[in-house]
Amino acid sequence: MNQYDDCWLRYERVTENDRLESYRRRCRHAYVAEKAPEHGAIRDELRRALPDLLGTEPHFWQHPPTTADGFLAIGTPEDMTMIADSVPADDIAELSSGGYLIRSVTWNGLDCLVVTATTDRGLVYGTFHLLRLLNVRESIGDLEVRQDPAYENRLLNQWDTPFHRSVERGYGGESIFDWERLPDLRTRYEDYARLLASVGINGIVLNNVNTTKPARASANAAFDEFEGWQLLESRRLEDLTGLASVFRRYGIRPYLSVNFASPMLVGDLDTADPLDKDVQAWWRRKADEVYDLLPDFGGFLVKADSEGQPGPYDYGRDHVTGANAIAQALKPHGGRVWWRAFVYGSHEDRAVQAYDTFEPLDGDFADNVTVQIKNGPIDFQPREPVSPLFGALSETAIGMELQITQEYTGQGVHATYHLPMWKEVFEFDTHADGAGTPVKSLLRGDEQGIVGVGNVGEDYNWTGHYLAQANLYAFGRAAWSPDLSVETVTDEWVRQTFGADETVGDVIKDILRRSWEACIDYETGGLGLLHMMHNGEEHLENHYYPSPEEWPGYHGASEDGIGVDRTESGSGYVAQYPEPIADRYGSVERCPEELLLFFHHLPWDHELEDGTTVVQRLYDNCFAGVDEVKRLRERWHALEGRVDERRHRHVAERFDEQVSNAQRWRDALTAYFREYSGIPDERGRVRRDE
Ligand code: GCW
C-alpha cells in the first residue's frame with residue numbers, strides 16, 4: 001500500500017518530541033511471541049509501523065531485553081513468562097476470546113508496554129489498537145486498555161463473483177480475488193487482511209451469495225455466466241488453502257457461499273432434497289473435505305429460494321429442513337450455516353415476507369444454524385424501519401446483515417456515511433423482552449453476530465471513494481462495539497486517515513455526519529418513502545438514478561395520496577411488531593415522521609404536526625437535501641491545500657457529480673409528486689414535468 005491508499009493504516013512520523021521520546025522508550029525494542037501464525041503477522045505490522053512512526057527500526061529480542069530503556073511485549077502468558085510475571089493471571093482470565101489487555105508496566109526497573117490476551121487473535125487486535133493509539137498520538141505512559149468484542153462473529157460478506165472478477169453491487173472496482181491464479185497470492189490479500197483485522201473482523205465469506213445465475217434477467221451481462229458454486233469443487237477448494245492461510249495469520253476465518261443444489265451441481269446426485277439420505281451424506285463428505293483442507297473454516301452461507309437461487313422449496317421442504325441438512329454436515333467440525341432470511345414470496349407487500357416465513361420456524365433450526373437478517377424488511381434502502389424479525393426469533397441464533405457497500409446510497413460517487421444509520425438500528429428498542437431490549441442486545445453469544453456486505457475492490461483507494469473507506473472502518477468498529485458513539489468512531493477514522501489537522505478533522509466529520517440525512521432527503525423526500533431507483537440495464541446505473549414511475553408499489557403514489565398502507569387496513573405488516581411499536585407505527589399521529597409514508601397511505605394535503613402538508617414536506621426535503629450536499633461540497637473545497645492534492649481532487653470531483661445527481665433526483669421526484677398530486681410547491685420551485 002502506498003501512503004495515500006493505505007486507508008487508516010497510515011503510519012506517519014511522530015514529530016511531537018515528548019511523544020516521540022516516550023514512544024521510543026517503550027516501543028523501539030520489542031519482545032514478541034513466535035509460536036503462532038498470528039505472531040508473524042504482529043511482527044510484520046510492527047516492522048511496517050514502527051520505522052515510519054519512530055524513525056528507527058524495531059529491535060526484536062529473542063529474550064526479554066535487560067539493557068534497553070524499556071520494551072514492548074506481546075504474547076499470551078503461556079507464551080512468555082515475562083508477561084505472566086507482570087500481569088496478574090486474574091486480569092487476563094476474564095478476557096473473552098478476541099479480547100485483549102494493553103498495560104504500561106514496570107519490569108526489572110524498565111518502562112514497558114504489555115499487549116496480552118488469551119488467544120492469538122486477541123494479540124492481533126491488541127497490537128492494532130496500540131498502533132492506533134500511536135497513530136493518533138495518545139499518551140502511553142500510563143496505559144490500561146481492556147477490550148472485549150461485543151459479538152463473537154464479525155463477518156465480512158464479499159459479493160465477489162468468482163472467475164469474472166466482478167463484485168455484485170461493488171463500486172470499488174473489480175474483485176481483488178484473482179481466482180484463476182490461485183493458489184498464487186497477491187500482496188493485496190495481505191493488505192486486505194490487515195485492514196479487516198485492524199478493526200476486528202474475524203471472518204470472511206469469499207464469494208457472492210448468488211452462486212448461480214439468477215433466473216430473472218441479470219442487470220449486468222457480466223454476471224450472466226458466473227458459477228460461484230464451483231468453489232466447492234475439490235480442485236477449487238485446494239486452491240483456497242493459500243488464500244486462507246493469509247487470512248489465518250490475522251485471525252480471519254474463511255467461509256463460502258454455497259449453492260443449495262450443490263449435491264447436483266458439484267456432486268453427481270440427481271436431487272438436492274434435504275431429506276434424501278444420499279444428499280445428507282454428500283454434504284457430510286464435502287464438509288469433511290473442506291475441513292481437511294481448511295481446518296479453521298467457519299461455515300457456509302446460503303441464499304436459498306430467493307431471486308432465482310435454488311432452495312428447499314424446490315422439494316416441498318421448508319427452510320428449517322434445508323438449513324439443518326447442511327448444518328448436520330458441519331456440526332462435527334464446529335462449523336456453522338448462515339442462512340439468509342432475505343426471501344421473496346407470494347405477498348404483494350415484500351416487507352411482510354421475511355417475518356412471515358421465519359417467525360413460524362423459530363426454535364426448529366439446528367443449533368449451528370444462524371439466520372442472517374437484513375437490517376430492514378425491504379432491502380438496504382436509505383432508510384427503513386428495523387426488521388420485526390429482530391426480537392421475534394427468541395429461540396433461533398440470529399445475525400444482522402448490514403450493507404457497507406452503497407448500493408442504494410449513491411454507490412461509489414456519493415459521500416454517504418452509513419454509521420449513523422447503523423447506530424439507529426443497533427439502538428432500536430425491539431421490546432422483545434419488555435422495554436429496553438435494543439437490537440444490539442439480541443446479537444450476543446457464540447452463535448450470533450454482525451455481518452457486513454463489503455465495499456472493497458481493485459480501485460487504488462480500495463472503496464471507489466476515499467470517504468467510503470469510513471464505512472468499512474465504521475462497520476468493523478461497530479461490530480466490535482455497538483456502544484461506541486458515531487462521534488468516537490468517526491474521529492478515530494479521520495485522525496488516522498487524514499492526520500492531526502483539527503480543521504480538516506472537523507470538516508470531514510461534519511460532512512460524514514450530515515451525509516446520510518442529505519441522501520435520504522434527495523433520494524426519498526424523507527417521509528419513509530423508498531426504492532424509487534432506476535433498475536437500469538447498465539451495471540452502474542442500476543439502483544443509482546431516480547425512477548419513481550418504475551416501482552409504484554414501493555411508494556404507493558396515486559392521485560389521492562402517497563405512501564403504503566401497512567396497517568390492518570392494508571398489508572397488515574405493522575402487526576409483526578410487538579406493542580407498543582405496532583401501536584406507534586400503526587397510528588398516523590404517533591408514527592415518527594421519517595417513517596410515516598412507509599406505514600401509511602395519506603392524502604397529499606394531509607397536514608403534518610407543524611401544519612405543513614405531506615407534499616410540501618416532500619418538496620422541501622428534496623430541496624433541502626440538495627442544498628445540504630452543496631454546502632458539504634463547499635466545506636470540502638475549503639480544505640484545498642490542507643488535504644493532499646490527490647485525495648482532495650478525487651473527493652472534490654465526486655462531490656461535483658454528487659451535486660448534479662442529487663439535483664437530478666430532486667427534480668425527478670418533485671416533478672413526479674407534482675404531477676400526481678396536482679398541488680404546486682408553495683415556494684414555486686417545482687416545475688411540472690412536461
Ligand atoms: O438487494 C438485492 C441486491 C442483489 C443482492 C440481493 C441479496 C446478492 O440488489 O444484488 O444479491 O439483494 O441480498 O441477495
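Counting from 1, the numbers follow the sequence of the chain as shown. As the structure lists them, so they are numbered: ligands from 1, and atoms in each ligand from 1. Given the structure is predicted, the values throughout are model-derived calculations rather than measurements.
- Residue Asn208 has at least one heavy-atom neighbour below 4.0 Å for each of these atoms of ligand 1: 8 (C).
- When heavy-atom distances to ligand 1 are checked against a 4.0 Å cut-off, Val453 has no atom that comes that close, whether in backbone or side chain.
- Every atom of ligand 1 is numbered from 1 in the order shown, and the set under 4.0 Å from a heavy atom of Arg340 is 7 (C), 13 (O), 14 (O).
- No part of Phe380 comes within 4.0 Å of ligand 1, judged by heavy-atom distances.
- One option in Arg169, Glu168, Lys374 has a heavy atom closer to atom 12 (O) of ligand 1 than any other, and that option is Lys374.
- Of the options Asn324, Asn368, Asp367, a side chain to side chain donor-acceptor pair (under 3.5 Å) to Lys331 is made by Asp367 and by none of the others.
- Between His531 and Tyr408, the ring center distance clears the sub-6.0 Å criterion.
- In this structure, Glu550 CD and Met533 CE are separated by 11.5 Å, a value rounded to the nearest 0.5 Å.
- Between Tyr522 and His414, the ring planes are tilted. Angles from 30° to 60° get that label.
- Listed by number with element, the atoms of ligand 1 under 4.0 Å from a non-hydrogen atom of Glu407 are 1 (O), 3 (C), 9 (O).
- The Asp379 neighbourhood of ligand 1 comprises atoms 1 (O), 2 (C), 12 (O), with distances under 4.0 Å to a heavy atom of that residue.
- Pairs engaging residues 369-387 under the salt bridge (charged side-chain N to carboxylate O under 4.0 Å, His left out) rule: Arg350-Asp379, Lys374-Asp379, Arg383-Glu424, Arg383-Glu517 [sequence neighbours left out].
- Counting atoms of ligand 1 from 1 in the listed order, those under 4.0 Å from a heavy atom of Phe342 are 6 (C), 7 (C), 12 (O), 13 (O), 14 (O).
- Interface atoms of ligand 1 facing Tyr408, defined by a heavy-atom separation under 4.0 Å, are 1 (O).
- Every pair passing side chain to side chain donor-acceptor pair (under 3.5 Å) that includes a residue from residues 252-264 is listed here, sequence neighbours excluded: Thr211-Asn259, Thr212-Asn259.
- Listed by number with element, the atoms of ligand 1 under 4.0 Å from a non-hydrogen atom of Val209 are 8 (C), 14 (O).
- Note: Phe365 and Phe358 have parallel aromatic rings, judged against thresholds of 30 and 60 degrees for the angle between ring planes.
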